[in-house]
Amino acid sequence: MVKGFYRLAVITCSAFSLLMQYTSGGVRANEAVSEFDYNNFEFWEEQCRLFNNLQKYTEAIEACEKAIALKPKKKNVLLWTTRSNALLKLEKYAEAIISYNQVLQTEPNNSFVLTQKCQALSQMGNQKDAISECEQALRINGNWGNITPATAWYNRGLALRKLTQNQAAITSFERAILIKSDYSLAFAQKCRTLSDLKAYKDAIEVCSRAIKINGDWGESNPIIAYKYKAQALTKLGKLDKAIDNYQKILKINPNDAISWYEQGKLQQKLAQYKEALASYSMAVQVKPKFSQAASRQGEMFNKLKSYQLAIESIDKALNGDGIWKEDTTLAYLWVQRSTALVNLKKYEESIADAERAIALRQSYAEAWNNKAVSLWNLGKLKEAETAAIKATGFNHKYAQAWFNRGRILSYFKKYSAAVTAYETALQGDIEKNDNATRAMILTNKGVAFWRLKKYRQALKSIEKATKLNQNYFAAWYNKGIVLLELKDYKSAFRAYHRANSIYPDNYLVWTGIAMALVGNRNYQEALKAVDRALNINPDYILAQKQKEVITQMKAKLADNQIKVNQITKEK
């Protein structure tokens, strides 16, 4: 006898509402209770069945136990089975197994019960016994109730997969499908197992079949197939198509916080930061305590330069469910907070948060990088260099750290080393569509070559930058400088003109335009350009000197013209 059978002292409210159906129309509720026979086996038997059908499993268990207690006969197989199924639904697997064993004492050849017991054992982590029970159900092949042998093959496949016996699991799922051709759930699990074997193309095809058939999903729905298909597409790098599948999931269930989160991760990989932010924000809206989603939301605010909002999201994550998985850890959270603070020029606070991250994970390259940037801005240059070396040492593929290290090396006039750092950055972990970052690194690499007086190499690097990001002011401006060194004044003028269209009325640009015009001996226009520069910044020394040069050149040109005119007259 299972403990607790006699704990039911009174009728539950739900049972009472059903009890009223047994009273005559004119009898009041209190009279019905007073006249009710608590030892009415048929009533409790019926309640057991009704509550189970209504998916009110706790009440079903209580009613079943009351009925069993009234007639503790071994032949109460249906009651024990209903009770067992209800326990399984409530994920009380150990109790469910004990209850199924009670049925099997009376009906050892009950394939339905053996299959259900197989499922409970698998959920408890006992895969070997689960497989044994499913195989016993298939050998006996008797009394399948409202299921077929396909369910036993399916549950056997699940247990085999959990043991990483993936090929055997696939065979089991295929046997289930052979019996039940519209078994979409079995197709979906076969798809998942094929992904485990890295057969992603086959997995996608099988998941698509599951969705197209749209047959027996068990207690699931097409979401499971869309999810596994999205995961396989992600493994193949087909991120756009994977996102399409997550969107189909969210159309079915817009309250699926995990799918919003997973969609956001893919959008982030594609550098679609606004879209990723929207997805993470929806995940947090659906599940307000979702720490991982809130922390990623903070990261996207950082990417979009909304640093105060980033801090608010990160603080929300710190007060969330505290569940961290994959690369989204508590240390990661402190790094994101540090990133926001460094961009808000709160360098001391940024260092404090970076050090919190380092305390949790000594080798956290991003934390060392943030510390390097903050120390640099505080004027602690040698300490900044040490931190930058730590960052690149812990993560050789960390592009941002190599870029910052290149800038520090350039400051110390170690230009050859800076070029190497920039080249390493370009081979690093830059996101696929992040051409803006590539253009910035290439431009800085070009400037380092310029400092080394390697003008052709400088031009090649900067031209790559302008192709990657045609609206990058620094690339066009520095291209103008390099072209001046190469004495290609017409091209230099065009480069400065493009820079001016991106950032109008910049005194540096107008000075460069003036120098290009001087190279083309267009002194009149050059003087106008340098005057524009000095109107914007009267204290700019290079523009002042350039004006002196232009004035002298104009005067010399005028003097030469007078001499030419005199010679002509004499002739």
Side-chain angles (χ1 to χ4, degrees), residues 250 254-378 384 387 390-391 394-395 398 400-401 404 429 431 434 437:
L250 293 164
N255 292 321
D256 185 344
I258 298 298
S259 290
W260 281 115
Y261 176 73
E262 293 296 334
Q263 177 176 269
K265 284 167 62 179
L266 297 181
Q267 290 163 331
Q268 181 177 344
K269 284 182 180 179
L270 291 172
Q272 298 172 0
Y273 300 131
K274 289 182 180 178
E275 292 84 353
L277 175 60
S279 292
Y280 293 139
S281 298
M282 282 301 301
V284 173
Q285 182 177 319
V286 171
K287 189 179 176 183
K289 292 288 184 179
F290 196 172
S291 287
Q292 277 188 287
S295 61
R296 292 256 185 188
Q297 183 186 41
E299 183 182 1
M300 291 306 97
F301 277 127
N302 274 336
K303 294 280 189 186
L304 296 169
K305 301 181 180 181
S306 297
Y307 302 115
Q308 192 57 49
L309 290 173
I311 290 172
E312 291 173 16
S313 291
I314 292 161
D315 288 346
K316 185 183 289 185
L318 285 167
N319 293 308
D321 58 23
I323 297 171
W324 309 106
K325 296 178 183 177
E326 302 164 343
D327 56 346
T328 312
T329 63
L330 187 57
Y332 154 87
L333 196 65
W334 287 117
V335 164
Q336 291 304 320
R337 200 171 192 280
S338 171
T339 300
L341 288 164
V342 75
N343 282 288
L344 290 170
K345 300 183 180 179
K346 297 181 179 180
Y347 303 120
E348 296 285 0
E349 292 177 58
S350 177
I351 290 169
D353 281 351
E355 288 178 344
R356 287 187 179 98
I358 292 165
L360 291 166
R361 184 175 146 199
Q362 179 67 23
S363 61
Y364 207 149
E366 287 82 353
W368 285 106
N369 182 62
N370 282 352
K371 186 174 180 180
V373 174
S374 295
L375 286 165
W376 181 266
N377 282 287
L378 289 171
K390 287 268 192 183
F394 285 127
N395 183 358
Y398 187 19
Q400 183 66 54
N404 287 333
D429 58 358
E431 289 173 350
D434 192 0
T437 294

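Nothing fancy with the numbering, it's 1 onward along the sequence.
For the atom pair S363 OG and K390 NZ, the distance stands at 10.5 Å (nearest 0.5 Å). The CG atom of D353 lies 11.0 Å from the CD atom of Q336; values are rounded to the nearest 0.5 Å. How far CG of L318 is from NZ of K316: 12.5 Å, rounded to the nearest 0.5 Å. Residue N395 holds its CG atom at 6.0 Å from CD of E366, rounded to the nearest 0.5 Å. One distance of note links CG of N302 with CG of L277; it measures 11.0 Å at 0.5 Å rounding. Taking CG from L270 and CG from D434, the interatomic distance works out to 12.0 Å, rounded to the nearest 0.5 Å.
Contact detail for A257 and A283: the closest heavy-atom pair is O-CB, 3.6 Å. In plain terms, the two heavy atoms of R361 and A331 that are nearest each other are CB-CB, 4.4 Å. Of all non-hydrogen atoms in V286 and P254, the two that sit nearest each other are CG2-O, 3.9 Å. Shortest non-hydrogen contact noted between I314 and G298 is CG1-CA, 4.2 Å.
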Could you tabulate the donor-acceptor pairs under 3.5 Å formed by side-chain atoms of residues 303-313, not counting sequence neighbours?
residue : atom : partner : partner atom : Å
Y307    : OH   : N343    : OD1          : 3.4
S313    : OG   : Q297    : OE1          : 3.0
S313    : OG   : L309    : O            : 3.3

Test side chain to side chain contact (heavy atoms under 4.5 Å, CB included) on L330 and R356 and set out the steps.
CA-CA 9 Å; L330 187 57; R356 287 187 179 98; over 6 Å; no
Could you walk me through whether T437 and E431 pass the side chain to side chain contact (heavy atoms under 4.5 Å, CB included) test, one step at a time?
CA-CA 9 Å; T437 294; E431 289 173 350; over 6 Å; no
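At distances below 3.5 Å, not a single donor-acceptor pair connects side-chain atoms of W260 with backbone N or O atoms of A278. Y280 places a side-chain N or O within donor-acceptor distance of the main-chain N or O of K265, the cut-off being under 3.5 Å. Checked by atom type and distance alone, the side chain of T339 pairs as donor or acceptor with a backbone atom of V335 at under 3.5 Å.
A heavy-atom distance below 4.5 Å is found between the side chains of E355 and I351. Using a 4.5 Å heavy-atom cutoff, the side chains of S374 and V342 are in contact. Contact check for E299 versus Y332: side-chain heavy atoms found under the 4.5 Å cut-off. Side chains of N404 and W376 form no contact here, defined as non-hydrogen atoms less than 4.5 Å apart.
Under the salt bridge (charged side-chain N to carboxylate O under 4.0 Å, His left out) criterion, the residue pairs touching residues 272-296 are R296-D327, with sequence neighbours excluded.
For F290, the ring-ring contact (aromatic ring centres under 6.0 Å, His included) partners two or more places apart in sequence, or in a different chain, are Y261.
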